[in-house]
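To start, the structure under review is shown below, and the notes come after it.
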Amino acid sequence: MSLEIFKKDNLLVLYFSIEYPENSNIVWVFDKIEERGSCKLANTFLLTKNDILDYDKETYSYGEFIIAQLEQNGDEEYYKINKRILQISFDLYFEKSCDISKMYFLTARKTSIFKIIDEIGIDIPLVIGGNTDNAISEADYIKLLQSLPNGYEHSLYDKARVCTALKKFFCVEKDKETTFQKYVNSKNLSENDLSDIYFEDFDIQRYEFLLKKLKKMLKTENEYSEKDWQNEIIKFIKIIFPKYVLSEKEAIIKKNDYHNMKRIDIILGDYDGNIDIVEIKKPESAELLREYKNRDNYVPSVALQAAIMQAEKYIYYLSKDGIEAEENLNKQFSKKIPSCYEFKIRNPRAIIILGRSENFSEEQKEDFEIIKRKYKNIVDIISYDDLLNRLKTVVNLLKNQNFS
């Protein structure tokens, strides 16, 4: 298969053909476009009939497809990539003089680079080359590409993983884990490869986007179902608590000795497989504190007490069953989590997210803080205004670092 990208007049063109075996053709590409409306190439480029520029109408030996057009922006010209083709949500521009090739779009394992960037999340156009504000130089972009794992590194990693598995049963002659680690250490970026400011700018944009999104969600809460709300909020938790690398829903655990079952809405796993749980309630469905004082103190609302009790029960059931609970969770999610990852139950704790605290008096804030510190099995009790404030704090700190 041959896939190349080149400039033609004011267009950026994707060229596709199959060189081996001889007399092969790509008629299937056009058949898919005709039958389904689109065809995806290299798991990256989603092409339709409107993208076709030229092709061999007799032998179907090649096809050319338009993926970008040249646009004027001030004194400079940029190729604006069709984001529908890349299936991304942000605008992407390459300055006219950039030496654009397929390697600017694909990783060593033929994964879309810009799809990865889209999943990470940016809410402004990505500009490569030129002198516009927030543009990344082509040289810096190439350094970023060079920092990605190449085919050789992937091969070493695969061998290291196999070596790790076999060492449990055999005495292996060659330690591929050490070989892989030595290669990674030798490949570390120098301090000058990518400036710290670039990463700080990227982080600022990321957290500002999350802050903007959370504010919008809180204003339009009624547009979300309970499940959809949980799915969105868990993304914020994994950013604010970066130790969590994955989350799974509807985890089934044993409730008691009679083998009744209980479902935990969401469990979180950290880098080492240790799990915690999270209870998420929509803000308007639960108050944090009772309206009136009890013995001159503000006390937890019924909703907050119920959430705490629920979390404490889940923790009790998980800890009580220990290894059996671990095996059960790993079996449940064996098709969803990587084979090298296992859930572990090591003193699990809980995060509870509910209610609003923006209108609390100073006395209510103080009592709420005392309540949060009271429960030893709870990692954190967070109001939605706490979430907003944490995101604001991160943005402000990053911005200050940029000017220090």
Side-chain angles (χ1 to χ4, degrees), residues 210-211 213-215 217-241 243-244 247-251 253 255-256 262-268 275-320 347-393:
L210 291 171
L211 180 59
K213 181 177 180 179
L214 181 56
K215 287 180 177 178
M217 285 178 62
L218 290 171
K219 289 180 179 179
T220 58
E221 176 190 345
N222 292 332
E223 296 178 8
Y224 294 83
S225 68
E226 190 77 27
K227 292 296 182 184
D228 289 340
W229 183 268
Q230 290 178 347
N231 291 338
E232 291 300 315
I233 295 300
I234 203 64
K235 298 174 185 176
F236 291 88
I237 295 303
K238 289 165 74 174
I239 296 295
I240 293 174
F241 296 90
K243 73 171 186 173
Y244 297 119
S247 60
E248 294 295 343
K249 296 177 289 185
E250 301 293 322
I253 58 174
K255 185 176 179 182
N256 53 40
K262 192 72 174 175
R263 293 181 184 271
I264 303 176
D265 285 343
I266 301 169
I267 60 172
L268 301 169
I275 68 166
D276 290 323
I277 67 174
V278 58
E279 282 286 302
I280 300 173
K281 306 295 182 186
K282 294 177 72 174
E284 289 187 3
S285 65
E287 297 292 332
L288 289 166
L289 303 177
R290 292 188 184 180
E291 185 176 355
Y292 302 104
K293 293 182 179 179
N294 183 356
R295 297 185 179 180
D296 206 31
N297 296 307
Y298 286 100
V299 297
S301 67
V302 173
L304 177 54
Q305 290 184 62
I308 292 171
M309 187 64 184
Q310 185 83 322
E312 295 265 14
K313 277 188 176 180
Y314 290 152
I315 291 169
Y316 169 76
Y317 296 141
L318 286 169
S319 301
K320 175 175 170 290
N347 191 29
R349 303 174 74 187
I351 298 173
I352 295 174
I353 308 168
L354 79 168
R356 302 297 300 268
S357 59
E358 61 180 340
N359 295 321
F360 276 3
S361 66
E362 288 303 315
E363 187 177 2
Q364 286 174 314
K365 290 179 183 177
E366 182 177 343
D367 286 353
F368 182 47
E369 188 61 35
I370 292 171
I371 291 168
K372 290 200 284 186
R373 293 171 183 269
K374 175 182 176 182
Y375 297 95
K376 64 180 182 178
N377 284 333
I378 307 299
V379 176
D380 218 337
I381 300 173
I382 308 173
S383 74
Y384 285 95
D385 298 289
D386 289 334
L387 275 182
L388 287 170
N389 290 331
R390 292 184 191 198
L391 289 171
K392 289 177 185 176
T393 299

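Source: prediction; values computed, not measured.
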TODO: Would you please name every residue forming a ring pair (Phe, Tyr, Trp, His ring centres under 6.0 Å) with Tyr314, sequence neighbours left out?
DONE: none
Task: Set of residues satisfying salt bridge (Lys or Arg N to Asp or Glu O under 4.0 Å) with respect to Lys235, sequence neighbours excluded - done: Glu232
Task: side-chain hydrogen bond (donor to acceptor under 3.5 Å, both in side chains) partners of Ser357, counting only residues at least two apart - done: Ser383
- [ ] Compare every heavy atom of Glu221 with every heavy atom of Pro283, then report the nearest pair and how far apart it is.
- [x] CG-OE1, 3.2 Å
- [ ] Apply the test salt bridge (charged side-chain N to carboxylate O under 4.0 Å, His left out) to residues Arg349 and Asp276: give CA-CA distance (whole Å), side-chain angles for both, the deciding distance (0.1 Å), then the verdict.
- [x] CA-CA 5 Å; Arg349 303 174 74 187; Asp276 290 323; over 6 Å; no
Task: CD1-CD1 distance between Ile266 and Ile280, expressed to the nearest 0.5 angstrom - done: 4.0 Å
Task: Any residue meeting side-chain hydrogen bond (donor to acceptor under 3.5 Å, both in side chains) with Asn222, in chain and number order, not counting sequence neighbours - done: none
Task: Side chain proximity check, Leu218 to Leu388, heavy atoms < 4.5 angstrom - done: yes
Task: Contact summary for Ser247 and Leu268, nearest pair of heavy atoms - done: CB-CD2, 3.7 Å
- [ ] List the steps and the verdict of side chain to side chain contact (heavy atoms under 4.5 Å, CB included) for Ile277 and Leu318.
- [x] CA-CA 10 Å; Ile277 67 174; Leu318 286 169; 4.1 Å; yes
- [ ] Evaluate the criterion side chain to side chain contact (heavy atoms under 4.5 Å, CB included) for residue pair Ile308 and Glu279; output intermediate values, then yes/no.
- [x] CA-CA 9 Å; Ile308 292 171; Glu279 282 286 302; over 6 Å; no
TODO: Return the minimal non-hydrogen interatomic distance between Ile352 and Leu304, and the atom names on each side.
DONE: CG2-CD1, 4.4 Å
Task: Residues in salt bridge (Lys or Arg N to Asp or Glu O under 4.0 Å) contact with Glu223, at least two apart in sequence or another chain - done: none
Task: Distance (rounded to the nearest 0.5 Å) between Glu250 CD and Ile264 CD1 - done: 10.5 Å
TODO: Could you pull out the closest heavy-atom pair between Lys281 and Glu226, with the gap in Å?
DONE: CA-OE2, 3.9 Å
Task: Pairwise side-chain contact, Glu358 with Tyr384, heavy-atom cut-off 4.5 Å (strictly under) - done: no
- [ ] Supply the atom-to-atom distance Ile240 CD1 to Leu387 CG, rounded to the nearest 0.5 angstrom.
- [x] 4.5 Å
Open item on the list: Phe236: which residues meet the ring pair (Phe, Tyr, Trp, His ring centres under 6.0 Å) condition with it, sequence neighbours left out?
Closed with: none
Open item on the list: Any non-hydrogen side-chain atom of Ile234 less than 4.5 Å from a side-chain atom of Lys249?
Closed with: no
Open item on the list: Ignoring hydrogens and geometry beyond distance, is a side-chain donor-acceptor pair present between Tyr224 and Asn231 at under 3.5 Å?
Closed with: no
Open item on the list: Working to the nearest 0.5 angstrom, can you tell me the gap between Ile267 CD1 and Tyr244 OH?
Closed with: 11.5 Å
Task: Atom pair CG (Leu354) and CD1 (Ile382), whose distance is rounded to the nearest 0.5 Å - done: 10.5 Å
TODO: Enter the distance from Phe241:CZ to Arg390:CZ here, rounded to the nearest 0.5 Å.
DONE: 5.0 Å
